[in-house]
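Here is how names work: the chains are called A, B, and so on, in the same order as the sequence lines, proteins then strands, and each is numbered from 1. All of these numbers come straight from a predicted model, not from anything done at the bench.
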2 protein chains.
Amino acid sequence: MKINFNRREPVYVQVVRHFKQQIAMNMLEPGQEIPSRRELAGELKINPNTVQRAYKEMEEQGLIYTERNLPSKITRNEQVLQVVREELIMDAVDQFVTTVQSVQVPLDEIVTIIKEKYEQTNADKGEEDHD
Amino acid sequence: MKINFNRREPVYVQVVRHFKQQIAMNMLEPGQEIPSRRELAGELKINPNTVQRAYKEMEEQGLIYTERNLPSKITRNEQVLQVVREELIMDAVDQFVTTVQSVQVPLDEIVTIIKEKYEQTNADKGEEDHD
DNA sequence: TTTAGTGTATTAATCACATAATACACCGAT
DNA sequence: ATCGGTGTATTATGTGATTAATACACTAAA
């Protein structure tokens with residue numbers, strides 16, 4: 001577990017987003033146990049209370065659940081998991097479309113730019129995988 | 001002049017972005033005078049220093065220039081203006097592509113979603129313009 | 001010269017966030 | 001029963017960014 005923190009956003013927000021991305025990538029399965037507050041705080045070199053803040057938000061959103069005093073787990077509610085994925089996408093789309101519309105770029109140009117960027121960065125990722 | 005502020009980002013950042021968007025939309029012409037610090041602060045109901053902070057950033061980026069103690073004006077450097085437009089687009093693309101790639105959405109789906117959203121919101125804008 | 005509106009600079013206050021230090025309840029394992 | 005690790009809650013403190021308050025310098029115009 002490793003997160004590249006930026007200093008613009010609150011740390012707990014970035015932690016939440018990281019978990020959402022992990023979920024959307026299917027790197028975290030339903031029911032899977034996640035690190036305890038103290039453990040993750042140790043890994044990320046942040047305060048346990050900051051992790052608690054992040055986990056609390058995730059719990060309020062139904063992303064994780066906690067039984068007794070055991071480490072929390074990823075929700076088994078498939079719909080919630082699906083929504084996480086969809087929201088990530090739709091939020092990105094919303095913001096993106098808002099921006100490009102304000103600049104009045106033709107849709108064709110946009111698609112072209114995205115395709116280039118998409119394939120370019122995908123190629124980069126592919127090279128990293130060479131062994 | 002009106003800006004819908006969110007409370008997540010610093011106000012001065014949002015002011016800068018607003019001007020960049022205005023520039024990208026060609027709503028502000030090269031050499032055009034912009035409101036004085038105090039005037040804009042009055043309009044937006046924010047502190048003059050906050051506007052100053054925003055203007056200072058814009059001046060450092062070459063977006064505006066100030067002669068003596070007269071209200072600042074939009075730069076006449078066409079290249080700078082072009083860069084503003086391009087950066088707005090590329091930043092949006094970068095963030096967007098990063099997100100959708102992390103969620104591993106096929107490119108085709110992305111394009112479809114964007115087209116829908118783009119046309120949908122364009123339709124909305126058109127309806128607002130009816131008089 | 002005076003005035004009113006500029007930009008600019010300095011300092012103070014505010015605020016959100018992160019951290020820190022504790023404390024408590026709970027429960028499985030020993 | 002004890003111990004160690006959980007989650008949870010409370011309070012205090014520190015800190016950096018942001019915003020606010022104020023003062024200053026300048027200049028066009030009256």
Asks: Reading DNA chain C from 5' onward, which residue's closest nucleotide shows up sooner: A:Leu70 or A:Glu9?
Replies: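 The residue whose closest nucleotide sits nearer the 5' end is A:Glu9.
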
Asks: Would you call A:Lys2-A:Glu43 a salt bridge at under 4.0 Å N-O?
Replies: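 Salt bridge between A:Lys2 and A:Glu43, a charged N being under 4.0 Å from a carboxylate O: no.
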
Asks: Grab the CZ-C1' distance between B:Arg7 and C:dT14 for me, whole Å please.
Replies: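 Rounded to the whole Å, the gap is 16 Å.
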
Asks: Output yes when B:Glu9 and B:Arg17 qualify as a salt bridge under the 4.0 Å nitrogen-oxygen rule, no when they do not.
Replies: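 Yes, this pair counts.
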
Asks: With under 30° as parallel and over 60° as perpendicular, where do the rings of B:Tyr55 and B:Phe19 fit, or are they tilted in between?
Replies: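 Perpendicular: the ring planes of B:Tyr55 and B:Phe19 meet at over 60°.
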
Asks: Let me know the distance between CD of B:Glu39 and P of C:dT6, rounded to the nearest Å.
Replies: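 After rounding, the gap between these two atoms is 6 Å.
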
Asks: Just checking, any donor-acceptor pair under 3.5 angstrom between side chains of A:Glu29 and A:Asn26?
Replies: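 There is no such pair (donor and acceptor under 3.5 Å, judged by atom type) between the side chains of A:Glu29 and A:Asn26.
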
Asks: Assess the side chains of B:Gln82 and B:Glu78: does a donor N or O sit below 3.5 Å from an acceptor N or O?
Replies: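 Absent: no donor and acceptor within the cut-off.
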
Asks: Can you measure A:Phe5 atom CZ to C:dC17 atom P for me and round it to whole angstrom units?
Replies: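 Rounded to whole Å, this separation is 15 Å.
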
Asks: Whole angstroms only, please: what is the CD-P distance between A:Gln52 and C:dC24?
Replies: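 Atom CD in A:Gln52 sits about 18 Å away from atom P in C:dC24.
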
Asks: Tell me: CZ of A:Arg8 to C1' of C:dA16, nearest whole Å?
Replies: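 One finds 13 Å between C1' of C:dA16 and CZ of A:Arg8, rounded.
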
Asks: For a quick check of understanding: with a heavy-atom distance under 4.0 Å over all strands, which category does A:Glu59 fall into, base, sugar-phosphate or nothing?
Replies: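 Here A:Glu59 touches the backbone only, sparing every base.
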
Asks: Could you tell me whether the phosphate oxygens of C:dC26, OP1 or OP2, come under 4.0 Å of any side-chain nitrogen or oxygen in A:Arg68?
Replies: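 For C:dC26, neither OP1 nor OP2 has a side-chain N or O of A:Arg68 closer than 4.0 Å.
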
Asks: For the residue pair B:Lys56 and B:Gln61, confirm or rule out a side-chain donor-acceptor distance under 3.5 Å.
Replies: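 Not at all, the side chains of B:Lys56 and B:Gln61 share no donor-acceptor pair under 3.5 Å.
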
Asks: Regarding B:Thr66 and B:Glu59, is there a side-chain donor-to-acceptor distance under 3.5 Å anywhere?
Replies: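 Yes, side-chain donor-acceptor contact under 3.5 Å.
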
Asks: Taking atom C1' of C:dC15 as reference, at what distance in whole Å does atom CG of B:Asn47 sit?
Replies: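 Atom-to-atom, B:Asn47 to C:dC15, this comes out as 15 Å.
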
Asks: Grab the CD1-P distance between A:Ile46 and C:dA20 for me, whole Å please.
Replies: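 Distance check: A:Ile46 CD1 to C:dA20 P gives 11 Å.
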
Asks: Does A:Thr50 have a side-chain nitrogen or oxygen under 4.0 Å from the phosphate oxygens OP1 or OP2 of C:dT19?
Replies: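 It does, given that an N or O in the side chain of A:Thr50 lies less than 4.0 Å from OP1 or OP2 of C:dT19.
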
Asks: Could you state the atom-to-atom distance from CG of B:Asn49 to P of C:dT6 in whole Å?
Replies: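 B:Asn49 atom CG is separated from C:dT6 atom P by 15 Å.
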
Asks: Starting at the 5' end of DNA chain C and moving along, which residue's nearest nucleotide shows up first, A:Gln14 or A:Arg38?
Replies: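 Here A:Gln14 is the residue nearer the 5' end.
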
Asks: Using a heavy-atom cut-off of 4.0 Å to chain A, what are the terminal contacting nucleotides of DNA chain D, in 5' to 3' order?
Replies: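 Counting from the 5' end, contacts occupy D:dG5 to D:dT18.
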
Asks: What about A:Asn69: does its side chain form a donor-acceptor pair under 3.5 Å with the base of C:dA25?
Replies: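 Side chain to base: no pair below 3.5 Å.
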
Asks: With sugar-phosphate meaning primed atoms plus P, OP1 and OP2, does A:Tyr12 contact a base, only sugar-phosphate, or nothing at under 4.0 Å between heavy atoms?
Replies: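 A:Tyr12: backbone/sugar contact only, no base atoms under 4.0 Å.
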
